[in-house]
Amino acid sequence: MTEWPVALRGTTETVVTTRGPNDRWNVAALGVQVPEGDGPATATTWGNTRTRRNFHREGGGYVQFVDDPVVFADAALSIREEPEPVLDATAAWAEVDAEHVGTGEDDGTRREHWELKPVESAVVRESPPTTNRGFNAVVEATVAASRLDVPAYDTETLRERLRFFEGVARKCGGEREREAIQQVREHADGDW
């Protein structure tokens, strides 16, 4: 059995590419969860996303670990397609089989649960781990921005979070984090 190329814990935010019906690779954000004890990693898709449809059609994709906040924000909030499955910004990746294991609903939004099993993986580049509050703020801002139109979430609460995370990204991040948070603002129509 192939192992993940990095240690997973809690929810690890990744970028996933899945092949669409046009043979191009859709780029999106995907939180990968690791259960307590033994068991495969899992992920949840929300709504009628390209990732969900491509997982059903193709049965998998490429989970990628990136350290560039602009690449992450773009994956989380835009529609992007690439000719190849592994992005240049990827530090490590795993080709996964995605098995549908359940469906639910949250305030009218369909969610589907997937088990992800690596079939091939690689570390593209190794670098010492760092903790950048600006990058983390960008990740949290993309989560809040992606929920702005979801009935289960209070819009004003999400806008408050966006304003807070924008401040953290601008104060604690570098040039790429500031560029990424501006991209989040643009994708979310700057409505915060």
Side-chain angles (χ1 to χ4, degrees), residues 4-18 20 24-34 41 43-46 49-51 61-96 121-150 153 155-192:
W4 288 95
V6 299
L8 302 175
R9 66 183 190 277
T11 299
T12 301
E13 293 296 340
T14 70
V15 171
V16 64
T17 54
T18 54
R24 292 185 57 84
W25 294 88
N26 182 67
V27 181
L30 185 70
V32 176
Q33 296 90 29
V34 181
T44 302
T45 54
W46 294 82
T49 64
R50 291 173 182 229
T51 300
Y62 287 78
V63 172
Q64 301 172 56
F65 304 89
V66 302
D67 55 9
D68 186 325
V70 174
V71 171
F72 184 84
D74 187 49
L77 298 174
S78 71
I79 295 173
R80 175 180 168 193
E81 294 180 328
E82 293 291 331
E84 299 297 326
V86 178
L87 306 175
D88 290 341
T90 297
W93 58 267
E95 181 182 5
V96 298
S121 67
V123 173
V124 177
R125 69 177 185 282
E126 293 187 37
S127 58
T130 60
T131 302
N132 180 302
R133 288 183 58 212
F135 187 109
N136 293 338
V138 168
V139 171
E140 292 300 326
T142 65
V143 172
S146 71
R147 295 178 177 168
L148 280 171
D149 296 323
V150 178
Y153 297 95
T155 300
E156 188 50 40
T157 299
L158 292 172
R159 287 183 178 137
E160 287 174 20
R161 288 180 186 165
L162 284 164
R163 288 188 292 271
F164 173 78
F165 290 127
E166 179 180 34
V168 173
R170 291 193 185 286
K171 180 179 178 184
C172 300
E175 180 181 332
R176 293 297 281 174
E177 287 77 16
R178 288 187 289 278
E179 184 178 335
I181 202 67
Q182 182 60 36
Q183 193 172 56
V184 171
R185 179 174 275 286
E186 290 169 8
H187 286 305
D189 295 327
D191 194 18
W192 28 291

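Source: prediction; values computed, not measured. Keep in mind that the numbers below use all heavy atoms, side chains included, and drop hydrogens, waters and symmetry copies.
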Worksheet item: Between CD of E160 and OG1 of T155, what distance do you get to the nearest 0.5 Å?
Response: 11.5 Å
Discussion item. Can you confirm whether V71 sits close enough to R80 that some side-chain heavy atom of one is under 4.5 Å from a side-chain heavy atom of the other?
Written reply: yes
Worksheet item: Yes or no on side chain to side chain contact (heavy atoms under 4.5 Å, CB included) for E140 and E13, after CA distance, side-chain angles and deciding distance?
Response: CA-CA 10 Å; E140 292 300 326; E13 293 296 340; over 6 Å; no
Discussion item. Check whether Q33 reaches the backbone of G31 with its side chain - one donor and one acceptor, N or O, closer than 3.5 Å.
Written reply: yes
Item to complete: Measure the CG-CZ distance between L162 and R185 for me, rounded to the nearest 0.5 Å.
Response: 8.5 Å
Item to complete: To the nearest 0.5 Å, tell me how far T12 OG1 sits from W4 CH2.
Response: 9.0 Å
Worksheet item: Roughly how far, to the nearest 0.5 Å, is the CD atom of E177 from the SG atom of C172?
Response: 10.0 Å
Worksheet item: Can you list the residues that meet the ring-ring contact (aromatic ring centres under 6.0 Å, His included) rule with F72, with sequence neighbours excluded?
Response: none
Fill in: Of T17, V16, T18, the residue whose pairing with L30 passes side chain to side chain contact (heavy atoms under 4.5 Å, CB included)
V16
Discussion item. Closer than 3.5 angstrom, by distance alone: can the side chain of R24 be matched with the main-chain N or O of E81 as a donor-acceptor pair?
Written reply: yes
Item to complete: Flag the pair R178 and E175 as a salt bridge only when some basic side-chain nitrogen lies within less than 4.0 angstrom of an acidic carboxylate oxygen.
Response: no
Worksheet item: For the atom pair CD (E156) and CZ (R161), what is the distance rounded to the nearest 0.5 Å?
Response: 11.5 Å
Discussion item. Walk me through whether V63 and F65 qualify under side chain to side chain contact (heavy atoms under 4.5 Å, CB included).
Written reply: CA-CA 7 Å; V63 172; F65 304 89; 4.0 Å; yes
Practice prompt. Output, in order, the C-alpha distance, side-chain angles, deciding distance and verdict of side chain to side chain contact (heavy atoms under 4.5 Å, CB included) for E179 and R176.
Written response: CA-CA 5 Å; E179 184 178 335; R176 293 297 281 174; 3.3 Å; yes
Worksheet item: If you look at every heavy atom in A145 and V184, which pair is closest and at what distance?
Response: CB-CG1, 4.1 Å
Which pairs would a plain distance check flag for residues 131-139, meaning a side-chain donor or acceptor within less than 3.5 Å of a matching protein atom at least two apart in sequence or in another chain?
{"residue": "N132", "atom": "OD1", "partner": "G134", "partner atom": "N", "Å": "2.6"}
{"residue": "N132", "atom": "OD1", "partner": "F135", "partner atom": "N", "Å": "2.8"}

Worksheet item: CD of E186 to CD1 of I181: how many Å apart, nearest 0.5 Å?
Response: 11.0 Å
Return a table of donor-acceptor pairs under 3.5 angstrom between the side chains of residues 86-96 and protein atoms on other chains or two or more places apart.
{"residue": "T90", "atom": "OG1", "partner": "Q64", "partner atom": "OE1", "Å": "2.5"}
{"residue": "T90", "atom": "OG1", "partner": "L87", "partner atom": "O", "Å": "3.2"}

Worksheet item: Hey, is CZ on R9 packed in by over 12 heavy atoms from elsewhere, all under 6.0 Å?
Response: no
Discussion item. Tell me the closest heavy-atom pair linking W46 and T49, and the distance in Å.
Written reply: O-CG2, 3.0 Å
